[in-house]
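Here is the naming used below: chain letters follow the sequence lines, and residue numbers restart at 1 for every chain.
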There are 2 protein chains.
Amino acid sequence: MDKILTGNWKSMRPYASALDRLRNAGLRPTRQRLALAKLLFENGDRHITAEDLHSEARNAGVSVSLATVYNTLHQFTQTELLREVVVESGRAYFDTNTTQHSHFFFEKSGRLMDIPADAIEISQLPSAPDGAEISGIDVTVRIDA
Amino acid sequence: MDKILTGNWKSMRPYASALDRLRNAGLRPTRQRLALAKLLFENGDRHITAEDLHSEARNAGVSVSLATVYNTLHQFTQTELLREVVVESGRAYFDTNTTQHSHFFFEKSGRLMDIPADAIEISQLPSAPDGAEISGIDVTVRIDA
DNA sequence: TGGCGAGCTTAGAATCATTCTTAGCTTGAC
DNA sequence: GTCAAGCTAAGAATGATTCTAAGCTCGCCA
């Protein structure tokens with residue numbers, strides 16, 4: 001069986017099943033990882049916190065501990081199934097859209113909304129100091145609502 | 001005595017003394033606020049956490065509680081003497097440069113470095129949804145070092 | 001199919017940054 | 001100098017996240 005190991009295989013297989021995603025990421029498809037993957041990836045692009053995913057899982061009848069939700073979110077982030085978005089100190093959001101894009105952040109409600117990559121354009125960028133490597137560019141447009 | 005009440009008076013008076021800054025912000029110049037203002041503003045542009053400012057103050061022989069450091073940082077942020085920078089969930093940085101600019105964030109060391117406003121250029125921006133108001137645009141360039 | 005070890009999950013304790021609470025101290029106005 | 005409003009402090013409380021240790025599960029192999 002072929003293994004797809006490139007960093008952004010996901011963009012090539014956006015409709016892979018939860019099971020395939022786990023296999024491709026090299027994670028054992030346990031009951032809780034499968035259930036969380038389904039909640040995350042079978043509902044379109046999502047921005048979610050660990051707490052929220054935890055209660056969503058419980059509401060769906062999936063018994064999973066909060067610690068496992070945290071572990072899983074971090075494993076998914078490391079394997080590029082998810083991206084972590086930092087917009088508020090003290091709360092971590094995880095984004096199921098791992099392609100390059102930016103966000104609106106609604107400060108009062110705490111909601112995130114994607115800005116499509118082509119709606120924002122950075123035409124000039126400084127080079128990284130010391131020839132270090134740029135690992136990402138985050139753009140957040142804060143909305144006072 | 002004239003009072004300068006515009007939002008960014010600071011950019012007009014970059015060398016105001018700590019005492020003047022507090023007065024202009026409408027904050028009573030107490031011993032601890034003065035000491036913290038001096039540490040913050042008399043050492044060029046800085047990016048600092050509450051913990052770090054607290055220990056810096058203590059090392060300088062200033063007796064101030066951590067709670068007061070937090071209070072003061074927030075009051076300074078509200079009065080636009082400081083700007084809060086969010087780059088890592090779980091830690092808040094405060095920036096003495098309140099003018100529009102972006103940051104390099106060195107993920108391994110946790111250090112921040114200013115990117116001058118003219119070194120980055122956003123040539124296209126989506127309009128805010130629902131005619132809501134954009135309260136800020138944050139650009140962080142993450143460096144893998 | 002059964003056994004087994006690595007990897008996973010769990011509950012609860014622990015940690016970390018931050019905020020709250022409450023009582024006592026300062027500051028500036030008069 | 002007096003006093004009220006505003007400020008500060010210590011420690012308790014909170015909320016998010018991570019750690020710990022003990023017990024399960026998965027899938028490989030005989």
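Straight-line distance from the CG atom of B:Leu36 to the C1' atom of D:dC7: 13 Å, rounded to whole Å. Rounded to whole Å, atom C1' of C:dG7 lies 8 Å from atom CZ of A:Arg33. Rounded to whole angstrom, the span from the CZ atom of B:Arg91 across to the C1' atom of D:dG15 amounts to 17 Å. Separating the CZ atom of A:Arg23 from the P atom of D:dC26 is a distance of 14 Å, rounded to the nearest angstrom. Protein atom CG of B:Asp52 is 15 Å distant from nucleotide atom C1' of C:dT18, rounded to whole Å.
The nearest heavy atom of DNA chain C to B:Ala67 and to B:Gly90 marks one nucleotide each, and the one closer to the 5' end goes with B:Gly90. Residue B:Asn71 is the one, among B:Asn71 and A:Ala92, whose nearest nucleotide of DNA chain D lies closer to the 5' end (criterion: closest heavy atom). Where A:Val69 and B:His74 each meet DNA chain C at their nearest nucleotide, the meeting point lying more 5' is that of A:Val69.
In terms of modelled atom types and a separation under 3.5 Å, the side chain of B:His74 and the main chain of B:Thr72 share no donor-acceptor contact. Under the 3.5 Å distance criterion, the side-chain polar atoms of B:Arg33 are left unmatched by any main-chain donor or acceptor of B:Leu22. In this structure, the side chain of A:Asp95 engages the main chain of A:Asn97 through a donor-acceptor pair within 3.5 Å.
Between the side chain of A:Arg31 and the base of D:dT25, no donor-acceptor pair under 3.5 Å is found.
Within 4.0 Å of B:His54, counting heavy atoms only, lies no atom of the nucleic acid at all. Residue contacts for B:Thr30: at a heavy-atom cut-off of 4.0 Å it reaches the sugar-phosphate backbone alone, with no base atom in range. At the heavy-atom level, B:Thr72 lies nowhere under 4.0 Å from the strands shown.
Annotation: cation-pi pair A:Arg21/A:Phe41 present, NZ/CZ under 6.0 Å from the ring centroid and within 45° of its normal.
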